[in-house]
Amino acid sequence: MSNTIAVIWDCDKTLIDGYMQDSLFEHYNVSGREFWKSNAAEIEKSRMQGIRVNDDTFYLNSFIRAAHDGRFKGLGNAKLHEFGAKQKFYPGVPEIFKKTKDMLKCDKAYNEYGIQVEHYIVSTGFAEVIRGSVLMDYVEDIWGCELLEDNTGLIGEIVYTIDNTTKTRAIFEINKGKGVPVNSKIPEEMRRVKFKNMIYIADGPSDIPAFSVVKKGGGATFAIYPKGDSDAMKQVEQMRSDGRVDMYAEADYSEGTTAFMWITNELQQIADKIRSEEQEKIRSSASSVPRHLT
């Protein structure tokens with residue numbers, strides 16, 4: 001019986017007010033705007049040469065070069081881990097992680113059927129930064145970009161990347177279970193987290209592939225936009241109109257906000273459906289009560 005409910009989160013501009021690299025730029029007194037501008041120019045230069053470039057991989061090389069040319073002096077995985085503690089989360093984070101993990105734990109009506117809430121983060125950012133954040137107290141697993149250090153102790157090699165399409169691979173790994181090859185054929189009823197028991201939360205059009213996978217499987221999708229950002233609000237409203245997301249709200253997860261109420265209500269509804277399905281299985285499999293022959 002696999003009755004796990006998975007809340008799957010994007011990170012930058014979904015949980016974080018901005019980008020996780022902002023604290024790194026601030027530490028090294030580097031202009032984030034100029035860094036990303038230079039990164040974009042290098043990408044365009046490569047494309048002009050006929051080279052196919054993945055933006056979400058290329059930026060990692062820009063950080064590696066900056067670590068070695070002295071702009072990001074001493075930047076290794078331990079340093080990236082330290083930046084996790086400096087992340088500027090939206091209001092209500094990480095509190096909503098703890099509240100939603102605990103909301104079914106003490107209720108016998110749900111835990112007798114093994115119904116539980118788990119949290120996952122799937123990000124195109126640095127996995128090591130996420131590992132250094134307070135969210136790791138409440139998260140089952142994360143997918144992010146992984147870097148190896150070279151013999152100088154600086155980040156030197158890219159060994160794993162996540163982009164906006166490979167996020168869907170992470171979702172299938174959550175669906176099938178950790179350690180199960182993603183291409184393995186597993187009957188839906190044997191999968192660890194059913195798609196219909198997933199909620200995917202992100203901030204924009206770049207997450208449409210992930211939204212689509214979860215929606216197609218019967219799960220729920222939710223979009224976030226920064227408070228007061230009219231353009232971002234119009235963007236997520238268009239996604240709702242197009243059927244990409246079920247609902248959206250301002251990026252505030254404090255108790256009583258639209259985001260908090262929608263997420264907790266959706267979890268409650270999913271839990272109720274699972275419980276009803278389990279009760280029906282018991283009723284349908286129970287043998288009839290013997291009677292005296294007349």
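Only this structure's heavy atoms are used, side chains among them; waters, hydrogens and symmetry mates stay out. Please read these numbers as outputs of a predicted model, since none were measured by experiment.
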According to a hydrophobic-cluster definition based on side-chain heavy atoms being under 4.5 Å apart (Ile, Leu, Val, Met, Phe, Trp, Tyr only), do Tyr59 and Leu154 belong together?
no

Run Arg47 and Glu44 through salt bridge (charged side-chain N to carboxylate O under 4.0 Å, His left out) and show every step you take.
CA-CA 5 Å; Arg47 287 179 174 151; Glu44 184 58 28; 5.0 Å; no

State whether the side chain of Gln87 and the backbone N or O of Phe83 hold a donor-acceptor pair below 3.5 Å, judged by distance alone.
yes

Between the side chain of Asp17 and the main-chain N/O of Phe89, is any donor-acceptor distance below 3.5 Å?
no

Between the CG atom in Asp56 and the SG atom in Cys145, the distance rounded to the nearest 0.5 Å is 7.0 Å

Verify the neighbour count for atom NZ of Lys194: are there more than 12 heavy atoms of other residues, nucleotides or ligands below 6.0 Å?
yes

Which is it for Lys98 and Asp137 under the salt bridge (charged side-chain N to carboxylate O under 4.0 Å, His left out) test, yes or no, and what are the steps along the way?
CA-CA 9 Å; Lys98 183 179 189 308; Asp137 290 338; over 6 Å; no

For Asp252 and Thr257, work out which heavy atoms get closest and say how close.
O-OG1, 2.8 Å

Would you say Ile155 and Asn77 make side-chain contact, with heavy atoms under 4.5 Å?
yes

Is any side-chain heavy atom of His81 less than 4.5 Å from a side-chain heavy atom of Arg131?
yes

Value for CG (Asn111) from SG (Cys106), rounded to nearest 0.5 Å, stands at 8.0 Å

In short, Val134 meets Pro94 closest at the heavy-atom pair CG2-CG, 3.8 Å

N/O donor-acceptor pair under 3.5 Å between Ser276 side chain and Asp272 backbone:
yes

Quick one: CG on Asn29 to NE2 on His27, what's the gap to the nearest 0.5 Å?
10.5 Å

N/O donor-acceptor pair under 3.5 Å between Thr221 side chain and Arg244 backbone:
yes

Same hydrophobic cluster for Tyr110 and Ile282, using side-chain heavy-atom links shorter than 4.5 Å among ILVMFWY?
yes

Ring centroid separation for Phe126 and Phe63, is it under 6.0 angstrom?
yes

So for atom CD, which belongs to Gln269, do other residues, nucleotides or ligands contribute more than 12 heavy atoms lying within a distance under 6.0 Å?
yes

Among side-chain atoms of Tyr120 and Glu118, is any donor-acceptor pair under 3.5 angstrom?
yes

Are the aromatic rings of Tyr253 and Trp9 close, with centres under 6.0 Å apart?
yes

Is the shortest distance from a Lys or Arg side-chain nitrogen in Glu280 or Arg283 to a carboxylate oxygen in the other one below 4.0 Å?
yes

Shortest non-hydrogen pair, Asp246 vs Arg240, comes out as O-CG, 4.3 Å

Full working for side-chain contact (heavy atoms from CB on, under 4.5 Å) between Leu104 and Gln116
CA-CA 6 Å; Leu104 305 177; Gln116 60 181 340; over 6 Å; no

Determine, for Arg169 against Glu173, whether the closest basic-nitrogen to carboxylate-oxygen distance falls under 4.0 angstrom.
yes

Count the heavy atoms belonging to other residues, nucleotides or ligands that lie under 6.0 Å from CZ of Phe25, then report whether that count exceeds 12.
yes

Taking the side chain as every heavy atom from C-beta outward, state whether Ile130 and Ser123 have any pair of such atoms under 4.5 Å apart.
yes

Output for pair (Ser133 OG, Ile121 CD1), nearest 0.5 Å, gives 6.0 Å

Does the side chain of Glu42 reach to within under 4.5 Å of the side chain of Phe58, using non-hydrogen atoms?
yes

Leu267 and Ile263, any side-chain heavy atoms less than 4.5 Å apart
yes

About how many Å separate CE of Met261 and CD of Glu255, when rounded to the nearest 0.5 Å?
10.0 Å

Any ion pair linking Asp22 and Lys86 (charged N to carboxylate O, less than 4.0 Å)?
no

Should Leu80 and Tyr19 be regarded as members of a common hydrophobic cluster, given that ILVMFWY residues are connected when their side-chain heavy atoms come within less than 4.5 Å of each other, either directly or indirectly?
no

Carefully, step by step, assess Ile208 and Met239 under the rule side-chain contact (heavy atoms from CB on, under 4.5 Å).
CA-CA 9 Å; Ile208 283 176; Met239 290 196 295; 4.2 Å; yes

Under a 4.5 Å cut-off applied to non-hydrogen side-chain atoms, are Ile5 and Ile274 in contact?
yes

Show your working on side-chain contact (heavy atoms from CB on, under 4.5 Å) between Asn61 and Ile158 and close with a plain yes or no.
CA-CA 8 Å; Asn61 289 308; Ile158 303 166; 3.4 Å; yes

For the residue pair Lys167 and Pro209, establish whether any side-chain heavy-atom pair is separated by less than 4.5 Å.
no

Please determine, by modelled atom types, if Thr124 and Asp163 share a side-chain donor-acceptor pair under 3.5 angstrom.
no

Would you indicate whether the side-chain heavy atoms of Trp262 and Tyr248 approach each other to under 4.5 Å?
no

Do Gln235 and Asp231 meet the criterion of a side-chain donor-acceptor pair at a distance under 3.5 Å?
no

Establish whether Leu60 and Val159 are linked, either directly or via other cluster members, by ILVMFWY side-chain heavy-atom contacts under 4.5 Å.
no

Identify the two heavy atoms, one from Gly74 and one from Tyr28, that lie closest to each other, and give their separation to 0.1 Å.
C-OH, 4.1 Å

State yes or no: are the ring centers of Tyr200 and Phe195 separated by less than 6.0 Å?
no

Ring center gap for Phe35 and Phe72 short of 6.0 angstrom:
yes

Leu75, Leu148: one ILVMFWY side-chain cluster at the under-4.5 Å cut-off?
no

Heavy-atom closest contact (Arg71 atom, Arg65 atom, distance):
NH2-C, 4.2 Å

Taking it one step at a time, do Thr152 and His68 satisfy side-chain contact (heavy atoms from CB on, under 4.5 Å)?
CA-CA 9 Å; Thr152 69; His68 285 264; 4.1 Å; yes

Nearest heavy-atom approach of Tyr90 to Pro226 is OH-CG, 3.9 Å

With ring centroids as reference points, do Tyr138 and His119 lie under 6.0 angstrom apart?
no

Among Glu278, Arg275, Glu277, side-chain hydrogen bond (donor to acceptor under 3.5 Å, both in side chains) partner for Asn3
Glu278

About how many Å separate OG1 of Thr168 and CG of Asn175, when rounded to the nearest 0.5 Å?
12.0 Å

